[in-house]
Structure formats: structure tokens, C-alpha cells
Trainee: 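Structure incoming, see below.
Both counts, for ligands and for their atoms, begin at 1 and track the order of listing. Just so we're clear, the structure is a prediction, and the values are computed from it rather than from any experiment.
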Amino acid sequence: MTTSPTLNFDTDWSYAPAPETAAVDIADHYGLFIDGHFVDAKSGATFDTINPATEKELATVAEAADADVDAAVNAARSAYEKTWSKLPAADRGKYLFRIARLLQERAREFAVIESMDGGKPIRESRDVDVPLAAAHFFYYAGWADKLGYAFPGKDTPRPLGVCGQVIPWNFPLLMAAWKLAPALACGNTVVLKPAETTPLTALKLAELIRDAELPAGVVNILPGAGATGSAIVNHPGVDKVAFTGSTAVGKAIARSLASTDKKFTLELGGKAANLVFADAAIDQAVEGIVNGIFFNQGHVCCAGSRLLVEESIHDELIAKLQDRMQTLIVGDPLDKNTDIGAINSKPQLEKIEHYLKLGSDEGAEKWQPDSSLPDQGYFCKPTLFLHCAQSSSVVRDEIFGPVLAVQTFRTFDEAMTKANNTPYGLSGGVWTDKGAKVFKATAKVRAGVVWANTFNKFDPSSPFGGYKESGVGREGGLHGLKEYCALN
Ligand code: NAP
Ligand code: MG
């Protein structure tokens, strides 16, 4: 008798757990990865990257400036013209599959370093960041030799050339994967800059790419500061810019690119509404609210940072949410029981603390659980602001921390008006028992992604991106592929 295989329809990307004994190897010093080699900056400049949970230095890192950007763009151009764009598409796919598999094999090492350099709980880097990064390489590897079928009615798309990519500190490895995988699958070459506080997993990825024997110059990784990012974006040899970061920097980049013919995509900030209707399953909604705002310390562009709850269930929901928040463990990112790790940097902690004071000063009621914080490192308690006015800064501004602003609504229309009363449009959440209400609300919330009865779910095949001041273009899925090729 044959038995049919059991299908697991839950998205579980952690299909290849690495052995727990894998060693974690962080060098004292990392160079720039240019043309297949690690080199020091031409100026000799370096900066330190620290562990935000201990405030201790992890490594010194070379800091790229204009001359290094020039060298990297030239290497990328040469690799584009001589090898990568000429390679049979199936071979490009093989290289991407190889990167994906190596990432799975070294998953534990990447997860530990991600948590050490950036502060996120190991449970998240182990179960979300690293496996999803590998999944992106697998997904786009599959498209590399099928581009002719990707966009029906069009010729096989052509690559754009050299891509300049700049990423933030909240998902350092995952953002690198989101950027590199589709660009490479289409036949482009890349110069990528990781964020200043979290360069290590991108540099480890450079080692892995070297080990995968990608032709030299196809991927160049240039750690550095904002000036390095600006030099990449504005280099005349760059054909396409992909930026993920704050709306302020994104606007400046859009202005500087306005007079060029470079293609660009911008993934910017957000202030998502998580809407809970009175008919929702309240216990599930509480879990979704917690995941929506406290995942990755709230350093998430699509975080559900505004809770909009139907007035009739406000008191019950908030009481349950407070009970749940009392159980959240804030502390050592490397402890697998930790729910909320370290805030990524001192300036980010100061920014969050500024908003904690401002929210109270402006009249919202601040609530935090009784838990204590570690003595050392940058930590912040999960925080609620209750009874918020629409004018409150904690409702309007992207705080990028574990801070949730709570408001109420009475009617469906009021909920939609409040949800959309923001310059951002990246994501949203709807909690209701009624399917019809899901469809009605998801159509009205003006955001690139709207989750129903769940939150912060990601998949390489689904597009991600914003409306309004949350950005231009999409990453992920076929939409993300389209941003890296020219179509006739
Ligand atoms: P950021 O200050 O805008 O920095 C993002 C990246 O740009 C960093 O690598 C940064 O380098 C670099 N940079 C700074 N100034 C630059 C300039 N003038 N030209 C070119 N590059 C420049 O943002 P962040 O504080 O790192 O990240 C948080 C923001 O990212 C939040 O607003 C969040 O919502 C957004 N985000 C959006 C998405 C999305 O998909 N929509 C995803 C994740 C994060 P340094 O690190 O050296 O400053
Ligand atoms: Mg760091």
C-alpha cells in the first residue's frame, strides 16, 4: 500500500538546520570585496562594528570612499561585459543555486553573526532571516534560465548592467539576498553597500560568493558610511540603483537621480495600521499584534506600529495584550528564549527614548511591562501608548522600535480613514472573522502588502514594496525580477 506524502502548507523555511556544532568565525578585520578579492580601502580608513548587546567591538572594517567605489564599479562593468551577461542563463542559475545551498550549509554561522552584529534574537535570525535569504537565492536561481517565460508577450528580457545597491541594518543578510538574487539572475553585476552598524553578514556572504567561485567582479561588497552609499548611487557607471532605507535618504536619492537615465527602486519607511475588528479571534489577534510590532525589536519597515481596535473590544484586547507583554523576555540575543533582543545602535536607542518621552508629553498614556533590562547594551522595554490622538508624534512618525500606538474606531469607514491617514503606504493588517470584511478592508487600505489574520509573513514569490512615501517599485516575485531587466 502506498501512502501519499504529507504536505505541510505552513511556510517553514528552516528545512536544512545546520549542525549546532558549527564554529563561528569572526576575523579581527574585514576588507572591501572588490573584483573577487578582499582589499583595504585606498585611503586606509576603517571603522568598528560592535555588538549592541555587549557594546564590545566585533571587528574593524575597511571603509570605502570614492576611489574604492570607482574600482568596484569598474570591476563590475568588466565582469558584466566579459563574463556574466555572456554566460548561458542556466549557468547563472547554477551559481545562484550554489550560493543558496552554501548559505543553508552555513546557516548557523550566519545566524549567530547576524544576531551578534545587529542585536536581533537568535530565534529570528535562525528561523527567519537566514533561511529566507537562502530561499530568495533558490527562488531567483530558478528564474535565471526561464526569463523568456517570465513576462508573456515580451522578448527574453535583457539585463540592465551594473547595479548599485544600498541596504539598511534591520535585516542585513536578508536585504542583501533580496537585492543580489534577482539582479544576478537577470545577468546584472552588483556593487552593494551594507549598513555601517551591520556589515558582517554581507562580508561573510562575500566570502561565500568567493567560495562559490562566482566570476570575479560579479559581486562587489563595499562597507562604509552614508558617503559610500552616495558615491555608489551617483557613480556614472551605475545603470540601476536599488535602495532600502529611510524615506529622508530615499527622497534625496530620487532627487539626485532625477537628472539621469538610471533606473531606480526605493524601499522606504512605513507606519502600518494593524486593524482589529470586534468579530476577530482576540487571542490570535494579540499574537499577531505582538509579532507585528515586537518582531526584530520593531526595527521593521512594515511593522504594525499603529494598533487600530474597534472600541467595543478595546479594554478586553488591551488587557490581554498587556498580559502577553508581561511574558516577553528582553535580553541576550543569543539566548534562544529571548523574544526582544538589543536595539541596533546607541543613536537608534536614543531616538526611541526621545519618542517615549514625546509620546507622554503629548498626552498619550505610556505602559510598559514590569520586566527588567540587562545592565549592559542597548535595550528597550516593549511599550504601549494608549489613548493616542491622531496628532501624536507616536502615531505619525516611524519610530523603528518596540513601541505601539493604540487608537480606537467605531465604524468600518472610520477605521479605513484612520488607517490611511499617514504619508506611508507599505503594509497593513486586518483581523476579522468575516471573509467579506477581509476583502473590503484589504482593498481599501492603501499599502503594498496587507495581511489578513496574520502579520509579517514573507515569501520570495510575493512582491513587497510601498505606495506614497514608502517607496517606488517592488522587490520579490516576478515584480522584483522585472525591476532588474529591460523588456521589449
Ligand atoms: P538610512 O539611514 O536611510 O540608511 C540606509 C542605508 O543607506 C545605509 O546603508 C546607509 O549607510 C545608507 N545611506 C545613508 N545616507 C545615504 C546617502 N545620502 N546616499 C546613499 N546611501 C546612504 O536608513 P536606516 O536607518 O539604515 O534604516 C532604517 C530605515 O529603512 C527605516 O526607515 C525603514 O523603514 C527602512 N526600511 C525599509 C524597508 C523596505 O523594504 N521598505 C526595509 C527595511 C528598512 P549608513 O548605515 O552608513 O548610514
Ligand atoms: Mg554591529
Trainee: Scan side-chain atoms only and decide if Asn234 and Ser230 contain a donor-acceptor pair under the 3.5 Å cut-off.
Mentor: yes

Trainee: Quick one: list whatever passes side chain to side chain contact (heavy atoms under 4.5 Å, CB included) with Glu207, sequence neighbours left out.
Mentor: Tyr30, Phe38, Lys204, Arg210

Trainee: What does the 4.0 Å heavy-atom contact list look like for ligand 1?
Mentor: Val166, Ile167, Pro168, Trp169, Asn170, Lys193, Pro194, Ala195, Glu196, Gly224, Ala225, Gly226, Gly229, Ser230, Phe243, Thr244, Gly245, Ser246, Val249, Ile253, Glu267, Leu268, Gly269, Cys301, Glu398, Phe400, Leu426, Phe464

Trainee: Flag the pair Arg106 and Asp211 as a salt bridge only when some basic side-chain nitrogen lies within less than 4.0 angstrom of an acidic carboxylate oxygen.
Mentor: yes

Trainee: If we only look closer than 2.8 Å, how many protein N, O or S atoms does the Mg ion (ligand 2) have near it?
Mentor: 5

Trainee: Kindly determine whether Glu55 and Lys346 satisfy salt bridge (charged side-chain N to carboxylate O under 4.0 Å, His left out), including the steps that lead there.
Mentor: CA-CA 9 Å; Glu55 303 175 49; Lys346 193 167 184 212; over 6 Å; no

Trainee: Please output the side-chain donor-acceptor pairs of residues 171-187 that fall under 3.5 Å, not counting sequence neighbours, one pair per line with the distance.
Mentor:
from	atom 1	to	atom 2	distance (Å)
Trp178	NE1	His136	NE2	3.3
Lys179	NZ	Thr244	OG1	2.6
Lys179	NZ	Glu475	OE1	3.2
Lys179	NZ	Glu475	OE2	2.6

Trainee: Heavy atoms only: give me the nearest Leu222-Pro194 pair and the separation to one decimal.
Mentor: O-CD, 3.6 Å

Trainee: Any chance you could measure Ser371, atom OG, to Ile340, atom CD1, to the nearest 0.5 Å?
Mentor: 7.5 Å

Trainee: Side chains of Gln407 and Gln390: donor-acceptor distance under 3.5 Å anywhere?
Mentor: yes

Trainee: Side-chain donor-acceptor pair under 3.5 Å between Asn274 and Trp431, yes or no?
Mentor: yes

